[in-house]
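Each remark here refers to the structure printed beneath this line.
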Amino acid sequence: VHACITEPLDVEEALSSPQKTDWKIALEEEIASLYQQDVFEIVDKHPNCKVLPSKWVFKIKYDQQGNIQRFKARLVAKGFKQIAGIDFNETFAPVARQSTLRMLLTLAAVKDWE
């Protein structure tokens, strides 16, 4: 049914497509989400720092019947452009062990925390 609708490769293509209104809403939702989640801070560029480029990725989400459910836009950083030891020295991803999570949930239930 929607085989003729393709996902755009960039913002220009999205905003010049017949679905430009849907893509514009998707872009605005993503930008609002980034502000709401406070995931970045606008700062002056330091002269010795390299700016990490970003790219918009567009996806059409379908329901189980194949009907368009929503248009989705995501702003992603091109982290693959970084060089270890030059652009960064370490990475960190906090991960909770399952036993720790289980203990916290038990405490919350016993103490009636909300």
Side-chain angles (χ1 to χ4, degrees):
V1 174
H2 302 287
C4 62
I5 299 178
T6 59
E7 295 170 345
L9 298 176
D10 57 34
V11 174
E12 235 179 273
E13 189 177 326
L15 297 180
S16 63
S17 74
Q19 295 80 29
K20 63 183 168 193
T21 303
D22 297 308
W23 290 123
K24 187 173 188 288
I25 291 169
L27 287 164
E28 290 169 350
E29 286 174 351
E30 174 69 357
I31 291 168
S33 173
L34 292 172
Y35 274 110
Q36 182 181 16
Q37 295 175 39
D38 198 28
V39 296
F40 66 92
E41 181 180 341
I42 298 174
V43 297
D44 293 329
K45 181 187 172 296
H46 189 277
N48 297 332
C49 290
K50 183 171 70 173
V51 175
L52 189 61
S54 60
K55 174 181 173 45
W56 282 99
V57 177
F58 299 92
K59 292 288 178 192
I60 300 172
K61 299 294 184 174
Y62 297 93
D63 63 17
Q64 292 180 343
Q65 290 75 35
N67 300 311
I68 294 176
Q69 190 174 24
R70 66 182 297 212
F71 290 77
K72 201 167 187 175
R74 289 287 176 249
L75 184 62
V76 296
K78 294 183 177 181
F80 58 87
K81 298 268 187 178
Q82 294 178 312
I83 300 169
I86 296 173
D87 297 319
F88 65 93
N89 293 318
E90 60 185 59
T91 59
F92 176 72
V95 178
R97 291 185 2 205
Q98 191 173 11
S99 59
T100 305
L101 183 58
R102 196 171 25 247
M103 180 193 65
L104 286 173
L105 291 173
T106 302
L107 275 173
V110 169
K111 301 274 188 183
D112 198 29
W113 293 342
E114 294 183 21

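Fair warning: this is a prediction, and the values are worked out from it, not measured in the lab.
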Exercise for the section: Please test Lys24 against Lys20 for side chain to side chain contact (heavy atoms under 4.5 Å, CB included), starting from the C-alpha separation and ending with a verdict. Expected result: CA-CA 6 Å; Lys24 187 173 188 288; Lys20 63 183 168 193; over 6 Å; no
Problem - Over 12 non-hydrogen atoms of neighbours within 6.0 angstrom of CZ in Phe40 - result: yes
Practice task
Take Leu9 and Phe58 through the side chain to side chain contact (heavy atoms under 4.5 Å, CB included) test and state the conclusion after the steps.
Solution key: CA-CA 7 Å; Leu9 298 176; Phe58 299 92; over 6 Å; no
Problem - Gap separating the CG atom of Asp44 from the SG atom of Cys49, nearest 0.5 angstrom - result: 11.5 Å
Handout entry: side chain to side chain contact (heavy atoms under 4.5 Å, CB included) assessment of Leu15 paired with Leu27
Key = CA-CA 10 Å; Leu15 297 180; Leu27 287 164; 4.0 Å; yes
Handout entry: Crowding at NZ, Lys111 (>12 non-hydrogen neighbours, <6.0 Å)
Key = no
Problem - With sequence neighbours excluded, residues passing side-chain hydrogen bond (donor to acceptor under 3.5 Å, both in side chains) with Arg74 - result: Glu30
Handout entry: Joint hydrophobic cluster, Tyr35 plus Trp56, side-chain heavy atoms closer than 4.5 Å
Key = yes
Problem - Donor-acceptor under 3.5 Å (Thr100 side chain, Ala96 main chain) - result: no
Practice task
Not counting sequence neighbours, list each pair that qualifies as a salt bridge (Lys or Arg N to Asp or Glu O under 4.0 Å) and has a residue in residues 60-72.
Solution key: Glu29-Arg70
Fill in the blank from the handout: In this structure, CD1 of Ile25 is separated from CZ of Phe71 (nearest 0.5 Å) by 9.5 Å
Problem - From OG1 (Thr6) to CD (Glu13), nearest 0.5 Å - result: 6.0 Å
Problem - Smallest separation among heavy atoms of Ile68 and Tyr62, with atom names - result: CG1-CE2, 3.6 Å
Handout entry: Same apolar cluster (I L V M F W Y, side chains within < 4.5 Å links), Val51/Ile42
Key = no
Exercise for the section: For the residue pair Ser33 and Gln37, confirm or rule out a side-chain donor-acceptor distance under 3.5 Å. Expected result: yes
Exercise for the section: Spell out, yes or no, whether Trp23 and Ile5 are grouped together once hydrophobic residues are joined by side-chain heavy atoms under 4.5 Å, including indirect joins. Expected result: yes
Handout entry: ILVMFWY network linking Leu105 to Trp113, side-chain heavy atoms under 4.5 angstrom
Key = no
Fill in the blank from the handout: Here the pair of heavy atoms bringing Lys55 nearest to Lys78 is CB-CE, 3.7 Å
Practice task
Tell me whether Val95 is reachable from Leu101 by hopping between hydrophobic residues (I, L, V, M, F, W, Y) whose side-chain heavy atoms are closer than 4.5 Å.
Solution key: no
